[in-house]
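A note on names: the letters A, B, ... follow the listed sequences, proteins ahead of strands, and every chain is numbered from 1. Since we're looking at a predicted model, the values are computed, not measured.
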Amino acid sequence: MIRPILAARLQQVVDALRSEGLIPEAEYAPVEIIDTKSPEHGDFACNFAMIAAKSAQKSPRELAELIQNRLQNTPEIEAVEVAGPGFLNLKLRPSFVSGFVATVHQLGASGLARAQTSQPQKINVEFVSVNPNGPITVGSGRGAAFGDTLCRVLAAAGHTVHREYYINDGVNSEQMRLFAASVQSYVEELPFPEKGYRGDYVQEVAAQVREIENRPSNADLNWYQSMSQDLMIERQRHDLQMFEVRFDTWFSEQSLHDSGIVDQRLAELAKKGAADTDPHRVMVKFAKGGKIQEVTVQDQQAAAKTEAEEGPGEGDEETLWLRSTKFGDDMDRVLRRRDGRLTYISSDVAYHQDKFNRPENADHLITVLGPDHHGYIGRLHAVLAALKLEESTQETSGELDEHESKIYRSAAERDACRIALEQAQKALNVVIFQIVRFVKDGQPAPMRKRDGNIYSLRDLILEIGKSAAPESSESEQIRIGRDVARYFYLMRSHETHMDFDIDLATKQSDENPVFYVQYAHARIASVLSKADEVGLHADPSQSHLLTDNRELALIRKIVELPEEIARCAHDLGVHRLTTWAQDLARTYHHFYDGCRVIQTDQPELSAARLALCEATQMGLQGVFGLLGISAPERM
RNA sequence: GCCCCCGUAGCUCAGUGGAUAGAGCAGCGGCCUUCUAAGCCGUAGGUCGGAGGUUCGAUCCCUCUCGGGGGCGCCA
């Protein structure tokens, strides 16, 4: 709120200097308002004079002084200093700052936690999408927390967001067949399949399946897959709800096959030349920096023969290849296997087209994937590019070189593929979050255990809740476990590896950062109710009485929230919200320590400070809402 | 071999090309007869892995290099 006003004010001055001919007409970077490190340097600073010195044909300090003179007597700025190599240090008028208390009161918590982007988009965000053959793990928990808060932030920034969960329920899925077979073997006491699923949750699902009335006596694997995955999905949905994560659409992979749309899309790709059944596979070796180093074309007829002789993988259908190497992938991918079954990636072809229907006419897709899927980025872009491929009408940019001639049939095709790939990379943002390591008693705690059991998100929430608040009710324990888990996941940038210290998370003490921010909220609630008891009430119209540095610093911090949200929506760095929350809490504690709120002999000042307390609460509630954690009134 | 991520205080990590690099925890020393001490204040702790380059200015951008984690299936 403050920064854009200051930037506009300075920009005005620069424009005036230019139109008056005091600085030459030239390219100037827009004015930027930066933070100061130390209070001696004022409230904000501006580096424009140093950046623009060359264009202005003046020394940085000269230019700074020119701007400084024009900033006298502005309503926002009390003092301007030229410092160091050419910084403009700005000290704000207290009245300008304190006026924002009333603004915040008008906005309320939800209005404050909002930023209006200049380019609102319709965005489909797919996240979590765990296979329905197991519970949500503590590893996927990071994707859940990140994806959910990202959706909240994008919506707060003015975008239209559709939250989507993709269910890998394809009957062609090897993993799901194995899961179904494992359940079946428990139910019918058959021999257990090799490498089957052994966790306790499999037996729980089997027990539920056994209870199903009208279980056909000749139930086949399809029936078992359908039943057990439905039960698993229900369980995932329940666990995610416990984590305050909800979806607009749970999209079934199999539904794409059932409706025939997969076959239809594959036919379209074949027609465009992005897929074919020629028995060869192109492999590309890239040198450092992405340049093609070597292209090899493998004869697949020979490969098929040797495999057929060895046993598995036989079949007499023609393999259908996605020529993903035309779109920057490092090898062509199989769409239809030799035995006629379609692969997972063939569903992706239909799915990525379909996603643009949610929200209607979506213009951007975000897919949040775990660290083990990083190899997927290239092929997903290739899938989308193949869908977008159109014949190029432009002139070709030169003949095919030695490598390209093994990939493309013509220079025109190469150019068209390039254009399609560029569009695909723009439209689809695949976001990879990095690995989480869980540390307990100083030792790494594995997500998948030797006995086949899985360290689930649900276990983590309950574990934290129970040890942090052993005396509390179960729902209270879940609330605490959820708050702590979400906060811990969100504290670190999604793109960095992190340690999740369970020992720290389970401590209900000042060692735990989530309680630090929540404590500030509870403390304010207590002050407000104490004030109420003695008949003092918040009054934003008295906020001109707020002149103490600690009061002004607190106001400045509160009104940063919209800028913070805009930045997070822009670069997806939502972890910064936890840093901001901790800054706000700390700034409040400083204020609380130095400025007594309830003073019956100074009712106007008390009313102003109570208004500031409420504004702080709105800031905290706003950011808690984005982080998906609760705002306790008492602790 | 190629791709992604990381290397910043004892530990876990923030850090938008700007001035004297920060927080939490751990350490040491203070502050409750007054609004919640789950708090506050003070103190100590650093060749920002290393070397070049771009820049008026680099923890941040580029190149190289060393060290750690992960990924490269007719599995998903």
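Side-chain rings of A:Y489 and A:F146 stay apart, their centers remaining 6.0 Å or farther from each other. Less than 6.0 angstrom separates the ring centroid of A:Y588 from the ring centroid of A:F591.
Contact annotation: A:Y376 side-chain N/O to B:G70 OP1/OP2 distance is not under 4.0 Å. The shortest distance between the side-chain N/O atoms of A:K530 and the OP1/OP2 oxygens of B:U36 is below 4.0 Å.
Rounded to the nearest Å, the gap between the C1' atom of B:C75 and that of B:A58 is 45 Å. Comparing the P positions of B:G42 and B:C4 gives a spacing of 44 Å, expressed to the nearest Å. Separation of the P atoms belonging to B:G46 and B:C32 is 32 Å when rounded to the nearest angstrom. Using C1' as the reference atom, B:U8 and B:U47 are 12 Å apart when rounded to the nearest Å. A distance of about 15 Å separates the P atoms of B:G15 and B:A9, rounded to the whole Å. Nucleotides B:C74 and B:U63, compared at atom C1', are 40 Å apart to the nearest Å.
Ion pairing between A:E560 and A:K557 holds under the 4.0 Å rule for side-chain N and carboxylate O. A salt bridge links A:D571 to A:R576: one of the charged nitrogens lies within less than 4.0 Å of a carboxylate oxygen.
Across all strands shown, A:E40 has heavy atoms under 4.0 Å from base atoms, whether or not it also approaches the sugar-phosphate. A:C595 comes within contact range of at least one nucleobase, with a heavy-atom separation under 4.0 Å. Heavy atoms of A:E633 sit under 4.0 angstrom from at least one base atom. Residue contacts shown for A:R609 are absent, as no nucleic acid heavy atom lies under 4.0 Å away. Heavy atoms of A:D348 sit nowhere under 4.0 angstrom from any nucleic acid atom. Nucleic acid contact for A:S173: sugar-phosphate only, since backbone atoms but no base atoms lie under 4.0 Å from a heavy atom of the residue. Residue A:A45 is in base contact, counting any heavy-atom pair closer than 4.0 Å across all strands shown. Across all strands, A:K285 comes closer than 4.0 Å to no nucleic acid atom at all (heavy-atom distances).
The pairing partner recorded for B:C72 is B:G1, the criterion being a Watson-Crick or G-U wobble arrangement whose two distances lie under 3.5 angstrom. Remark: B:G7 base-pairs with B:C66; criterion is Watson-Crick or G-U wobble with both hydrogen-bond distances under 3.5 Å. Partner assigned to B:C28 is B:G42, using Watson-Crick or G-U wobble distances below 3.5 angstrom. Pairing of B:C13, defined by two Watson-Crick or G-U wobble distances under 3.5 Å, is identified with B:G22.
Proximity of A:Y351 to A:E253: side-chain heavy atoms (C-beta onward) are nowhere separated by under 4.5 Å. A:H575 places none of its side-chain heavy atoms less than 4.5 Å from the side chain of A:T496. Contact check for A:D329 versus A:L322: no side-chain heavy atoms found under the 4.5 Å cut-off.
For A:R523 and A:Y592, the positive end sits near the middle of the six-membered ring, less than 6.0 Å away and at most 45° from its axis.
Here A:Y592 counts as stacked on B:C35: its ring centre is under 5.5 angstrom from the base ring centre and the planes meet at under 30°. By the 5.5 Å and 30° criteria, A:H589 is not stacked with the base of B:G39.
We find the CG-CG distance between A:D276 and A:L320 to be 7.5 Å, quoted to the nearest 0.5 Å.
Protein atom NE2 of A:H494 is 15 Å distant from nucleotide atom P of B:C4, rounded to whole Å. The nearest whole Å value for the distance from the CG atom in A:L369 to the P atom in B:G70 is 19 Å. For the pair A:M283 CE and B:C72 P, the interatomic distance rounds to 14 Å; values are reported in whole Å. Note: CD (A:Q434) to P (B:G68) measures 17 Å, nearest angstrom. Rounding to whole angstrom units, CD of residue A:E174 and C1' of B:G73 are separated by 11 Å. Going from atom NE2 of A:H521 over to atom C1' of B:G39 covers 17 Å, rounded to whole Å. Between the NE2 atom of A:H590 and the C1' atom of B:A37 there is a distance of 14 Å, given to the nearest Å. Look at CD on A:Q300: it is 9 Å from C1' on B:C74, rounded to the nearest Å.
The A:K54 side chain lies nearest to B:C56 when the options are B:G39, B:C56, B:G70. With distances taken from any side-chain atom of A:R586 to the nucleotides B:A23, B:A38, B:C75, the minimum falls on B:A23.
In this structure B:C32 sits in the syn conformation; its chi angle is within 90° of 0.
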Exercise. In B/S/- notation, 5' to 3', how is nucleotides 6-18 of chain B contacted by protein heavy atoms closer than 4.0 Å?
Worked result: S-----BSSSB-B
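Between A:D330 and A:N168, the residue anchored closer to the 5' end of RNA chain B is A:D330, taking for each the nucleotide with the nearest heavy atom. For the pair A:L88 and A:N131, nearest-nucleotide mapping onto RNA chain B gives the more 5' position to A:L88.
Using cut-offs of 30° and 60° for the angle between ring planes, the A:Y166 and A:F251 rings count as parallel.
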